[in-house]
Amino acid sequence: MTEYQPPGESSGDLFGDPSGGSDAAYDAAYDAAYDAVVLAGGAARRLGGVDKPGVSVGGRALLDRVLAACAGARATVVVAGPRPTARPVIWAREEPPGGGPLAALDAGLRHITADRIVLLSADLPFLHRRTVEGLLTSLDRGTADGVLLTDSDGRDQPLVAAYRTAPLRRELTALTDRHGDLTGLPLRRLTAALDLTRLSDPVASFDCDTWEDIATARARIREHGHVLDEWISAVKDELGIDLDVDTAVLLDLARDAAHGVARPAAPLTTFLVGYAAARAGGDSEAVAEAARKAATLARRWADEDTPPATSPDAPSGDVAPDATPDTRPDAG
């Protein structure tokens, strides 16, 4: 068992962000195939039996938040009864339904072919795509069978992890041979037989088992330091947009338009920038160029509202500062 603390700060961005927050850059730097298995069929007894994957946090179902985090997977299998989701997935079901995590994992593995998978629960409100990619990168750097996160108390979270597929299949087969089937067996029967690397990330590993957890998650995403990122992410998911832009540039543009022109100019200007960027190709460079042009215009507009400096002998009245006096003999 290997203990490993990766570089970078904790609090949800444990693996750092060499792309500066760009998911597109991650895709370019890390395009090796992996599959995802999401377990979403639990009974949610501590939530009163409610459909936990469908509970909304930050305007999005918990399951959709997890699916966004593993959007880079070649194939995503959700082990649960089918339901509407923000993106297409493969549905699978353990037999009998409710047979526990090992039976659900076995059902999910029957639909995937990649050599590596990410195994996730459907109740991780703060899981980010960067975390998923970081797990896979850590897996590739070593020889362990899997890499999993630990929570704030140091406990293993085997449903926030990346695994090599072959050891999973091997140990599931051994457990089936030993017990007859996998129904009701705890997940630790599997993980105890694997060589695992552990990464500490109390934010990304935070799961929602109780209504108190749900309330905590809903409150956190509305904190000042998180609300804008959460809102932009939710809007992009809702509109089906997969585009990373420099939000600071757009916020600066909105500020310049509001202060230099008029307050209502801020949302209208950012809308027009988006429209212009879409006509120009719709990528992040198009957004940046349109924002640059609009910001320059807003500054020129604001500069015209600043009175020019005048000297004591400057002409007064309505005469333009650069006007030439009329020296004709008959000038009145």
Side-chain angles (χ1 to χ4, degrees), residues 5-17 19-23 26 36 38-40 42 44-48 50-72 85-87 118-135 147-162 198-239 241-242 244-248 250-251:
Q5 177 69 33
E9 297 181 357
S10 187
S11 71
D13 194 11
L14 183 64
F15 303 101
D17 190 356
S19 69
S22 168
D23 286 344
Y26 264 104
V38 181
L39 306 190
R45 293 183 180 87
R46 284 190 279 176
L47 287 173
V50 73
D51 175 29
K52 182 165 66 170
V55 172
S56 176
V57 173
R60 290 185 291 168
L62 283 170
L63 176 57
D64 283 335
R65 297 177 73 90
V66 173
L67 292 178
C70 61
T85 53
R87 68 180 183 87
V118 291
L119 177 60
L120 306 168
S121 61
D123 60 351
L124 302 165
F126 305 127
L127 185 68
H128 195 279
R129 191 166 177 171
R130 290 190 297 270
T131 309
V132 170
E133 301 292 359
L135 287 166
V147 179
L148 56 77
L149 296 189
T150 58
D151 64 16
S152 57
D153 295 320
R155 293 173 298 196
D156 287 355
Q157 297 297 316
L159 296 183
V160 199
R198 289 166 170 79
L199 309 175
S200 175
D201 193 331
V203 176
S205 63
F206 180 87
D207 57 357
C208 293
D209 290 327
T210 66
W211 285 113
E212 182 180 1
D213 294 336
I214 296 291
T216 297
R218 287 172 172 171
R220 184 181 188 276
I221 66 172
R222 285 168 172 76
E223 292 174 359
H224 177 70
H226 308 285
V227 65
L228 276 182
D229 287 342
E230 288 286 350
W231 172 247
I232 294 301
S233 179
V235 170
K236 290 195 296 184
D237 280 357
E238 190 73 16
L239 300 181
I241 298 172
D242 186 15
D244 289 287
V245 297
D246 189 340
T247 55
L250 295 180
L251 289 173

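These numbers come from a predicted model, not from an experiment.
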Distance, nearest 0.5 Å, that separates [atom1] of [X] from [atom2] of [Y]:
{"X": "Leu149", "Y": "Leu135", "atom1": "CG", "atom2": "CG", "result": "5.0 Å"}
{"X": "Arg155", "Y": "Asp153", "atom1": "CZ", "atom2": "CG", "result": "4.5 Å"}
{"X": "Asp201", "Y": "Leu148", "atom1": "CG", "atom2": "CG", "result": "12.0 Å"}
{"X": "Leu63", "Y": "Leu39", "atom1": "CG", "atom2": "CG", "result": "11.0 Å"}
{"X": "Thr216", "Y": "Arg220", "atom1": "OG1", "atom2": "CZ", "result": "11.0 Å"}
{"X": "Cys70", "Y": "Glu133", "atom1": "SG", "atom2": "CD", "result": "10.0 Å"}

Item to complete: For Ala217, check side chain to side chain contact (heavy atoms under 4.5 Å, CB included) against everything at least two apart and list the hits.
Response: Val57, Pro125, Phe126, Phe206, Cys208

Practice prompt. Please name all residues satisfying side chain to side chain contact (heavy atoms under 4.5 Å, CB included) with Ala69, sequence neighbours left out, ordered by chain then number.
Written response: Leu127, Val132

Answer whether the closest heavy-atom distance between the side chains of [X] and [Y] falls below 4.5 Å.
{"X": "Thr150", "Y": "Ser200", "value": "yes"}
{"X": "Leu159", "Y": "Leu124", "value": "no"}
{"X": "Lys52", "Y": "Asp209", "value": "yes"}
{"X": "Arg198", "Y": "Asp156", "value": "yes"}

Qualifying residues under side-chain hydrogen bond (donor to acceptor under 3.5 Å, both in side chains), relative to [X], sequence neighbours excluded:
{"X": "Arg87", "value": "Thr76"}
{"X": "Asp64", "value": "none"}
{"X": "Asp207", "value": "none"}
{"X": "Ser205", "value": "none"}

Worksheet item: For Ala68 and Arg60, which heavy atoms make the closest approach, and how far apart are they?
Response: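 Looking at all heavy atoms of both residues, the shortest contact is CB-NH1, 4.2 Å.
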
